[in-house]
Amino acid sequence: MQFDYDDQNIFAKILRGEIPNQTVFENDHALAFRDINEQAPVHVLVIPKGPYVSLDHFARDATAAEQIAFFDAVAEVCRIEQVDTGFRAIANARADGVQEVPHFHLHILGGRNMGRMLEPAT
Ligand code: 5GP
């Protein structure tokens, strides 16, 4: 699989400071910010600062330091947002995953019961 990163995607622009965001947490290799179209009382996106298109790209090619920092950011978001009763983490990838923004991001959703994971297949 070849991953071609488009540096004009909206999250690349957020990382360059060209578009504002509501930052929840940041470290050397990751940024967490509120989704502009919140689907739950807590809806935070965690993204690596490096140019990774999708979860499988990040898992394959990110350095150990980038992967550790990313999951440190996930832990910090869960702590800051106090999702003690639970949450859902979603990573959409490519066309079948209905990924809108081609920069890897993990949705952290919570603050209410999130219901069943998927609609029944049609
Ligand atoms: P995807 O479908 O790619 O998994 O999710 C992309 C998410 O990015 C969507 O939930 C959408 O609301 C969010 N989003 C799109 N543009 C922006 C933006 O400019 N700022 C923020 N904070 N979120 C955005």
Side-chain angles (χ1 to χ4, degrees):
M1 177 81 197
Q2 185 176 329
F3 297 103
D4 294 318
Y5 184 78
D6 170 12
D7 68 5
Q8 293 307 306
N9 78 76
I10 203 107
F11 294 168
K13 292 179 179 178
I14 284 176
L15 285 168
R16 290 195 294 268
E18 295 166 14
I19 293 175
N21 74 91
Q22 279 188 272
T23 298
V24 174
F25 179 78
E26 182 172 11
N27 62 28
D28 283 351
H29 295 294
L31 175 69
F33 54 96
R34 299 198 187 286
D35 195 293
I36 204 167
N37 182 23
E38 290 182 328
Q39 304 291 317
V42 173
H43 190 171
V44 176
L45 303 171
V46 185
I47 69 172
K49 291 184 176 178
Y52 301 104
V53 177
S54 56
L55 172 60
D56 50 343
H57 187 197
F58 183 75
R60 191 188 72 180
D61 289 351
T63 64
E66 287 175 313
Q67 297 198 12
I68 289 167
F70 181 85
F71 284 105
D72 280 348
V74 171
E76 284 299 314
V77 167
C78 291
R79 182 185 64 77
I80 292 164
E81 297 298 312
Q82 300 182 299
V83 286
D84 301 11
T85 55
F87 64 94
R88 177 161 298 146
I90 299 174
N92 298 317
R94 299 191 285 286
D96 283 358
V98 195
Q99 180 180 9
E100 178 190 334
V101 180
H103 180 113
F104 169 47
H105 50 282
L106 192 66
H107 297 254
I108 304 288
L109 296 140
R112 66 168 168 81
N113 185 289
M114 299 308 301
R116 303 281 304 175
M117 186 167 68
L118 293 171
E119 298 295 321
T122 52

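This is a predicted model, so every value here is computed, not measured. When a ligand or atom number is given, it counts from 1 through the structure's own listing order.
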Student: Tabulate distances under 3.5 Å between N/O atoms of ligand 1 and N/O atoms of the protein, writing both atom names on each line.
Tutor:
from: ligand 1; atom 1: 2 (O); to: V98; atom 2: O; distance (Å): 3.4
from: ligand 1; atom 1: 2 (O); to: E100; atom 2: N; distance (Å): 3.2
from: ligand 1; atom 1: 3 (O); to: E100; atom 2: N; distance (Å): 2.7
from: ligand 1; atom 1: 3 (O); to: V101; atom 2: N; distance (Å): 2.9
from: ligand 1; atom 1: 3 (O); to: H105; atom 2: NE2; distance (Å): 2.9
from: ligand 1; atom 1: 4 (O); to: N92; atom 2: ND2; distance (Å): 2.8
from: ligand 1; atom 1: 4 (O); to: H105; atom 2: NE2; distance (Å): 2.8
from: ligand 1; atom 1: 4 (O); to: H107; atom 2: NE2; distance (Å): 2.8
from: ligand 1; atom 1: 5 (O); to: H105; atom 2: NE2; distance (Å): 3.2
from: ligand 1; atom 1: 5 (O); to: H107; atom 2: NE2; distance (Å): 3.3
from: ligand 1; atom 1: 10 (O); to: D35; atom 2: OD1; distance (Å): 3.2
from: ligand 1; atom 1: 10 (O); to: D35; atom 2: OD2; distance (Å): 2.5
from: ligand 1; atom 1: 12 (O); to: D35; atom 2: OD1; distance (Å): 2.5
from: ligand 1; atom 1: 22 (N); to: R34; atom 2: O; distance (Å): 2.9
from: ligand 1; atom 1: 22 (N); to: I36; atom 2: N; distance (Å): 3.4
from: ligand 1; atom 1: 23 (N); to: I36; atom 2: N; distance (Å): 3.3

Student: Starting from V83, walk the hydrophobic network (Ile, Leu, Val, Met, Phe, Trp, Tyr; side-chain heavy atoms closer than 4.5 Å) and list everyone else you reach, by chain and number.
Tutor: V24, F25, V42, V44, V46, Y52, L55, F58, F70, F71, V74, V77, I80, F87, F104, L106, I108
Student: Without swapping roles, check the side chain of K49 against the backbone of N27 for a donor-acceptor pair under 3.5 Å.
Tutor: yes
Student: Excluding sequence neighbours, so at least two apart, what forms salt bridge (charged side-chain N to carboxylate O under 4.0 Å, His left out) with R94?
Tutor: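 Checked R94 against salt bridge (charged side-chain N to carboxylate O under 4.0 Å, His left out); matches are D56.
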Student: For residues 7-17, which side-chain N or O atoms pair as donor and acceptor with protein atoms under 3.5 Å away, sequence neighbours left out?
Tutor:
from: N9; atom 1: OD1; to: F11; atom 2: N; distance (Å): 2.9
from: N9; atom 1: OD1; to: A12; atom 2: N; distance (Å): 3.0
from: N9; atom 1: ND2; to: Y5; atom 2: OH; distance (Å): 3.1
from: N9; atom 1: ND2; to: D6; atom 2: O; distance (Å): 2.7
from: R16; atom 1: NE; to: E18; atom 2: OE2; distance (Å): 2.7
from: R16; atom 1: NH1; to: D7; atom 2: O; distance (Å): 2.9
from: R16; atom 1: NH2; to: D7; atom 2: O; distance (Å): 3.0

Student: Counting only N and O atoms by type, is there a donor-acceptor contact under 3.5 Å from the side chain of Q99 to the main-chain atoms of V53?
Tutor: yes
Student: Is the count of non-hydrogen atoms from other residues, nucleotides or ligands lying under 6.0 Å from M1 atom CE greater than 12?
Tutor: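 Yes.
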